[in-house]
Amino acid sequence: MAVRQVRYEGDPVLRVKCKKVNEISPRIKRLIEDMFDTMYELNGVGLAAPQIGIVRRIVVIDDYNGAKYALINPYIVSEIGEQESKEGCLSIPGYYGYVKRPSEIHVKALNENGEEIEIKANGMLANILSHELDHLDGVLYKDKAYEFAKLEEDKELSDEDE
Ligand code: ZN
């Protein structure tokens, strides 16, 4: 298990437009494993490569409800509607905010085996995808939040709030 150091807001690596992955090399596969390890260690539902200092278009996701993906070079095919999303971010610990996200999102990507995959998501999974894909373009949820505040002590985000 290789948990990597998470980068925090203020680190310029979080503001970079990430580069495409050209080849799913053994090094990229190891990186994906480390991203899952890091995400699980921190009880996250998603992690983007720049959050561990790698400026490549890779995200990992697990909504703990059956949707577990490594997405390489993901892109949005379409998004519709609007929903309110209460969010936190591993790169902005101790805070939460409310963001408007699409209520449905259609994403295509390659998986860790180089196969094309397609995800049509709504609800919480749509929020996670939208949040993580933003990271690949240097966007943090805080930029879009219409409410942003410090979490009270002894109070954690509940599952439905992630
Ligand atoms: Zn985030």
Side-chain angles (χ1 to χ4, degrees), residues 2-21 28 31-76 79 82-112 119 121-152 155-162:
V3 173
R4 306 241 192 144
Q5 175 62 51
V6 168
R7 306 298 185 93
Y8 298 115
E9 197 201 4
D11 189 321
V13 77
L14 294 172
R15 294 306 190 172
V16 170
K17 191 171 165 64
C18 296
K19 289 176 279 201
K20 274 194 164 185
V21 174
I28 292 288
L31 169 66
I32 289 170
E33 283 173 20
D34 288 355
M35 287 174 67
F36 274 116
D37 288 345
T38 306
M39 179 182 79
Y40 289 131
E41 176 72 15
L42 299 169
N43 302 311
V45 294
L47 186 78
Q51 292 185 275
I52 55 167
I54 308 290
V55 289
R56 291 286 168 181
R57 303 188 79 80
I58 306 173
V59 307
V60 297
I61 282 172
D62 191 340
D63 72 350
Y64 304 100
N65 196 27
K68 179 182 171 182
Y69 300 103
L71 303 176
I72 299 165
N73 301 335
Y75 63 95
I76 294 166
E79 44 185 25
E82 193 178 80
Q83 65 181 343
E84 182 179 82
S85 175
K86 185 181 179 187
E87 301 187 7
C89 180
L90 297 177
S91 294
I92 315 174
Y95 288 83
Y96 70 96
Y98 290 91
V99 186
K100 291 254 196 281
R101 298 278 184 194
S103 52
E104 282 181 56
I105 188 165
H106 179 191
V107 169
K108 283 188 180 179
L110 298 178
N111 67 13
E112 63 273 40
I119 307 169
N122 54 33
M124 180 180 154
L125 184 57
N127 290 336
I128 299 170
L129 284 163
S130 178
H131 176 120
E132 297 308 329
L133 267 62
D134 273 352
H135 273 298
L136 303 181
D137 292 320
V139 175
L140 299 176
Y141 83 90
K142 189 185 170 186
D143 307 340
K144 297 180 164 182
Y146 53 90
E147 227 184 288
F148 180 73
K150 212 170 181 3
L151 280 172
E152 290 170 39
K155 202 176 151 193
E156 301 216 306
L157 286 175
S158 64
D159 284 342
E160 78 236 42
D161 295 336
E162 279 290 311

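Keep in mind the model is a prediction, meaning the values are calculated, not measured. One-based numbering, in listed order, for ligands and for the atoms of each.
- Of the residues listed (K108, R56, R57), the one engaging N73 in a side chain to side chain contact (heavy atoms under 4.5 Å, CB included) is R57, and it is the only one.
- Near the Zn ion (ligand 1), less than 2.8 Å away, sit the protein N, O or S atoms C89 SG, H131 NE2, H135 NE2.
- Of the residues D134, I76, L71, the one that meets the side chain to side chain contact (heavy atoms under 4.5 Å, CB included) test with L129 is L71.
- For K20, the NZ atom is loosely surrounded, since the number of other residues' heavy atoms within 6.0 Å does not exceed 12.
- A donor-acceptor distance shorter than 3.5 angstrom exists from the side chain of T38 to the backbone of D34, with no hydrogens or angles considered.
- Summarising the geometry, atom CG belonging to N122 is positioned 11.0 Å from atom CD1 belonging to I105; distances are rounded to the nearest 0.5 Å.
- Applying the ring pair (Phe, Tyr, Trp, His ring centres under 6.0 Å) test to H106 and every residue at least two apart in sequence or in another chain returns nothing.
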